[in-house]
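Atoms considered below: every heavy atom in the structure, side chains included; atoms not considered: hydrogens, waters and symmetry mates.
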Amino acid sequence: MTLSQVAACARGLAKLEESRRAESDRRFVLEQSVDVLREMGYVVDIDPGEGSNTVVATSDRWPHHGLQLAFRSDRASVHTAPLAFDETDSRDDIAFEEATCQDLDAMRTELAARGITTEMFHHVPAGGLAILHESRKDKKRSKSRSNTKERGL
């Protein structure tokens, strides 16, 4: 084996280790985020999928709404989207979005206390987008919405 072949193998191993570490970090952030949401009183359902893990958080405070968080595996980011499970009034939808924005800020603060630095890099104010309406049985989205709130972790 030549020196250049050994160097190429070493670079390949370093890339594999970097990928393993990044996946481990993403898994840790997902686990901590789910723990924080549960501590905040949310019921959390996790749907592991290819390319992302999707979490739907619901609360007794908002019986007709839920918050979807998609933890992407290709980037260290989370896309959030408010959901409505029944026909809802736009005023309730906006109130839910405002409340969950506050909860997401509180979640970011708690994650920081756990050593996870987050940065919000895209935000649409409450009421700025149409809320997703889904049946309670099918909380998973089949496709992503282009203008979602995104929080980088």
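A donor-acceptor pair under 3.5 Å is formed between the side chain of S19 and the backbone N or O of K15. A donor-acceptor pair under 3.5 Å links the side-chain atoms of R38 to the main chain of V44, judged by distance alone. Judged by distance alone, the side chain of T2 and the main-chain N or O of Q5 form a donor-acceptor pair under 3.5 Å.
A cation-pi arrangement is found for R61 relative to Y42, the charged atom lying closer than 6.0 Å to the ring centre and inside a 45° cone about the ring normal.
Under the 4.0 Å criterion applied to side-chain N and carboxylate O atoms, E39 and R114 are assigned as salt-bridge partners. Electrostatic pairing of R20 and D25 does not count as a salt bridge here, judged by no charged N lying under 4.0 Å from a carboxylate O.
Expressed to the nearest 0.5 Å, how far OG of S59 lies from CG of D103 amounts to 8.0 Å. To the nearest 0.5 angstrom, E97 atom CD is 11.5 Å from D92 atom CG. Interatomic distance, N53 CG to F71 CZ, rounded to the nearest 0.5 Å: 8.0 Å. In this structure, the separation between OG on S33 and CG on L69 is 7.5 Å, given to the nearest 0.5 Å. To the nearest 0.5 Å, atoms OG1 (T117) and CG (L111) are separated by 9.5 Å. With rounding to the nearest 0.5 angstrom, the CE atom of M40 is 13.0 Å from the CG atom of D35.
Atom CG of L3 is surrounded by 12 or fewer heavy atoms from other residues, nucleotides or ligands within 6.0 Å. More than 12 heavy atoms of other residues, nucleotides or ligands lie within 6.0 Å of CG in D89, so this atom counts as buried by the packing criterion.
Nearest heavy-atom pair, H64 versus T88, reported as atom, atom and distance to 0.1 Å: CB-CG2, 3.9 Å. Nearest heavy-atom pair across D93 and A84 is OD1-CB, 4.4 Å.
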Practice item. Verify side chain to side chain contact (heavy atoms under 4.5 Å, CB included) between Q68 and V55, making sure each step is shown before the conclusion. Key: CA-CA 6 Å; Q68 182 181 58; V55 171; over 6 Å; no
Exercise for review: Decide side chain to side chain contact (heavy atoms under 4.5 Å, CB included) for S24 and R21; before the verdict, give the C-alpha distance in whole Å, the side-chain angles of both, and the deciding distance to 0.1 Å.
Suggested key: CA-CA 5 Å; S24 176; R21 191 176 311 119; 5.5 Å; no
Practice item. Carefully, step by step, assess I131 and H65 under the rule side chain to side chain contact (heavy atoms under 4.5 Å, CB included). Key: CA-CA 10 Å; I131 196 163; H65 292 87; 3.7 Å; yes
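Under a hydrophobic clustering in which Ile, Leu, Val, Met, Phe, Trp and Tyr are joined whenever their side-chain heavy atoms come within less than 4.5 Å, directly or via other members, M107 and F28 fall into the same cluster. Note: the hydrophobic cluster containing L37 also contains I46 (ILVMFWY, side chain heavy atoms under 4.5 Å, direct or indirect links). Hydrophobic clustering of Ile, Leu, Val, Met, Phe, Trp and Tyr side chains at less than 4.5 Å, counting indirect connections, keeps L83 apart from I94.
Between W62 and F96, the ring-plane angle classifies as perpendicular under the 30° and 60° cut-offs.
Residues V56 and D47 are not in side-chain contact: their nearest non-hydrogen atoms beyond the backbone lie 4.5 Å or more apart.
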